[in-house]
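Remember, predicted model here, so these are calculated numbers, not experimental data. Below, chains carry the letters A, B, ... as their sequence lines are ordered, and counting in each starts from 1.
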Amino acid sequence: MLRYVIRRILYAIPILIGVNLLTFALFFVVNTPEDMARMQLGVKRVTPEAIENWKRDRGYDKPLMLNSAAAGLAKVTDTVFWNHSARLFLLDFGKAESDGRDIRHQIATRMGPSLAIALPVFLVGMATYITFALLMALFRATYLDLSGVVLCVAAMSISGMFYIIGGQYLVSKLWNLVPISGFAGDLSAWRFMVLPVAVGLIGGFGESSRWYRTIFLEEINRDYVRTARAKGLPEGRVLFHHVLRNALIPILTGAVVAIPTLFLGSLVTESFFGIPGLGSYTIDAINSQDFTVVRSMVFLGSLLYIVGLILTDISYTIVDPRIRFE
Amino acid sequence: MIFAFKPVVLWTDALIFALIAAIALFVWYTIRHEHLRAPWRKVMRSTGGMMAATVLSVYVLIGILDTLHYQRALPLEKQTAEMRFAPEVLSVLDALTEPLRLKQERTFSAPFATHAHSKETMQGADGTTRRDYPRLKFGGAHLKNPQTERAADVARGVLQGIALGALIWTLASVILTGIVAAHRKTSFAGTSGALWRGELDVPWRTVLVTLGGLLLVGCSLAVLSGRYHVFGTDKVGQDVLWLTLKSIRTGLVIGTVTTLVMLPFALVLGIMAGYLKGWVDDVIQYVYTTLHSIPSVLLIAAAVLMMQVYMDTRPEIFDSVTRRADFRLLFLCIILGVTSWTSLCRLLRGEALKLRELEYVQAAQAFGVPRWKIMARHILPNVFHIVIITTVLGFSGLVLAEAVLSYVGVGVDPAMNSFGTMINAARLELAREPVVWWPLASAFVFMFLLVLSANLFADAVRDALDPRARAQVARPSFHWRRAGRQAGSGA
């Protein structure tokens, strides 16, 4: 088991290197630091000195990958790649271009609010969707099931932004129940969290419930279910004792991959509700064209996703004894 | 010559034409092969699928009309002067809806309003100033006394629209019944009866009912939109109905061209990885795992930001707003394709891995058929259903993604009409008193209809083309009656 985990982690390293090289190419080769300086300083009427200063302040004036002027190890280390891309592996993200704040500190403080919204949505969502899907599977091929599916398809045809806008308008503006947007660091934060969490739940409802229903129906057609029915077990016991347990394996292992990325929060939800999480941080960086922050978030996002993949593989081996490692 | 024009083919136009050609080729090939026709016949028999297809075809029609671009000729100054063209690139849809496009008010006005949404200071004839709601320049301008006349005028417009719609609908249903009758080699009356009793294999009744509904609403809107702003006007006074119609093409382009762009990569790499195995498989797997592990919205954001820098530092390449917006749309499609081809590639690899062990492939190998020929002739046709299912299922997701990306600021060009830019511009207006709800409502209705029908159609296609789904018993699709019958008989 331990050897398997170590091997899985070793597999992840080349992928992270690939992500790193790709973002490096995207941010420094496709557009040179010169282009970025012009973009930040304004395209017209900018002196070459101003561009040079901008580049020097940020360390972008060095050679990209190989510094032939330096000696020894500095040939590699005194370059843009080493100072700006390779350091991401040590989770050293540098300073934001727009306000000069330390990105790692920002990420550490903003993870909390992101998680405060994403985790309840994830947990309550799983429970709700699974329950709903199980009910649809119980009443399969009846009008109840059919209207459930219709509801799901209709719900997933509405852009998530309409749920947010509609929720803010109805709950906050018309009914005045909770604040429209904002966040608090202490326990009173729940007033700000209720609406984003509810909207998040409704937004994911259609797609997930329908997907889980498909998994349940696939499971219901298996041989062991027929055997259980042939033994004379009541339908409820078949469904809750046999089908639910086995269908939970693909559902839960499929959800594991999402757990690490919960830290990243949701871009749209956070920005609409003014939650100071990583999602709104990313949106702000995109809008102010802060490339260092965007690059850091790309790397962090990939890292968390790969961690999620490793956790998924491990969880498979735990819940499904049929899977062997070697 | 007053109507002289020069056709303009933008990048995305060219790709749409290529797509239409590809679909035509595919249809032609499918019709000639019975085993390929069978699943599509199943799609034609599904009520939900045909209903959705009818709605979708209206959207596609609007999208194609908006794709035929041209530049108008400027009036000749001298007889000998060479022909010059206006810099503005228009589409056929623009020409058809010219009244809507040109009737621009000054700012917000509610649907069917005759007066603006907010008060302004006006000078009376006697020199006094007062604050009141000014009359609109175009909306209901033909009415002398709007308070008393408007309701009757709108009702008259609706009646005219219904009459027009009913006329077109009757014509369409007669033509359709005629075609079906000729196809079945039965009498017109007999076919008509069978059609309306729902006894035909293909649910033409559903199609006609859907078409009737669309025609009645559409014609009423068309008649009324000549006299009023039926969906109101936006902040700068543009007709919201026109904005919504123009947004349709953007949504369709994002949903289809993206797939067209990514398809060659996914097909070639997926089949190669699965069939050749070995180091080719390792390299391709590495590439798609790497791309897939970057959160797609971040990769799109990074790429679009970089493209923006590229375009801003080279303004000379993009001479007009239309071309600039079009290039950005194309780039968005490409980058969406780059982020979305990985899942299709993985599916194709898995399927090719399975297929390469089958007897007919081994037989081809034993006969010494070259590897590329086996992949092209024996593997490709047998994975194609996966391509179709993924394409159709992916469409609605892409339309929804456009709205989110435009909100984030990495979507289409702000100058381009799209559902995303509409939502983005309108969401802050909900905070106004009294509330400005119509741009959002209009975008919502049109987008919901598009995505819903795309979802329903995708379900019908998947049910018909996915061999695994066929084995499943309890699978009530959107066939209302069949589900009811099953419930009734306790099956």
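To the nearest 0.5 Å, the span separating OG1 on B:Thr289 from OH on A:Tyr305 amounts to 8.5 Å. Note that the CE atom of A:Met161 and the CG atom of B:Leu400 stand 10.5 Å from one another [nearest 0.5 Å]. Here B:Glu402 contributes atom CD and A:Ser159 contributes atom OG; the two are 9.5 Å apart, rounded to the nearest 0.5 Å. Note that OG of A:Ser302 and CG of B:Leu298 are 8.0 Å apart. Values are rounded to the nearest 0.5 Å.
Looking at heavy atoms from C-beta onward, A:Leu22 lies in side-chain contact with B:Leu299 at the 4.5 angstrom threshold. Side-chain contact check for A:Ile283 versus B:Tyr407: some heavy-atom pair is nearer than 4.5 Å.
Aromatic pair B:Phe448/A:Phe162: ring centres not closer than 6.0 Å.
For B:Phe444, the parts sitting under 4.5 Å from any heavy atom of chain A are the backbone and the side chain alike. In this structure, the portion of B:Val297 lying under 4.5 Å from any heavy atom of chain A is its side chain and not its backbone. Using a 4.5 Å cut-off between heavy atoms, B:Val435 contacts chain A through its side chain alone, with no backbone atom that close. For A:Phe27, the parts lying under 4.5 angstrom from a heavy atom of chain B are both the backbone and the side chain. Within the 4.5 angstrom heavy-atom criterion, only side-chain atoms of B:Leu291, from C-beta onward, approach chain A. With a 4.5 Å cut-off on non-hydrogen atoms, A:Tyr11 does not touch chain B at all. Both the backbone and the side chain of A:Ile286 come within less than 4.5 Å of a heavy atom in chain B. For a residue to count as touching a neighbouring chain, one of its non-hydrogen atoms must lie under 4.5 Å from one of that chain's; by this rule A:Leu26 touches chain B with backbone and side chain alike. In this structure, chain B has a heavy atom under 4.5 Å from the side chain of A:Val294, while its backbone stays farther away. Proximity to chain A (any heavy atom under 4.5 Å) is shown, for B:Val408, by both the backbone and the side chain. At a 4.5 Å heavy-atom cutoff, the contact between A:Thr282 and chain B is made by side-chain atoms alone.
By number of non-hydrogen pairs under 4.5 angstrom with chain A, the leading residue of B:Pro295, B:Gly409, B:Gly420 is B:Pro295. Among A:Glu207, A:Lys173, A:Gln168, A:Met297, the residue with the largest count of heavy-atom pairs under 4.5 Å with chain B is A:Lys173. In terms of non-hydrogen atom pairs under 4.5 Å with chain A, the most contact-rich of B:Ser453, B:Ala302, B:Ala301, B:Ala443 is B:Ala302. Chain B forms more heavy-atom pairs under 4.5 Å with one residue of A:Val268, A:Leu303, A:Val298, A:Ile158 than with any other, namely A:Ile158.
Between B:Thr290 and A:Ile15 the shortest heavy-atom distance is CG2-O, 3.8 Å. Residues A:Ala154 and B:Leu452 come closest through the heavy atom pair CA-CD1, 4.0 Å.
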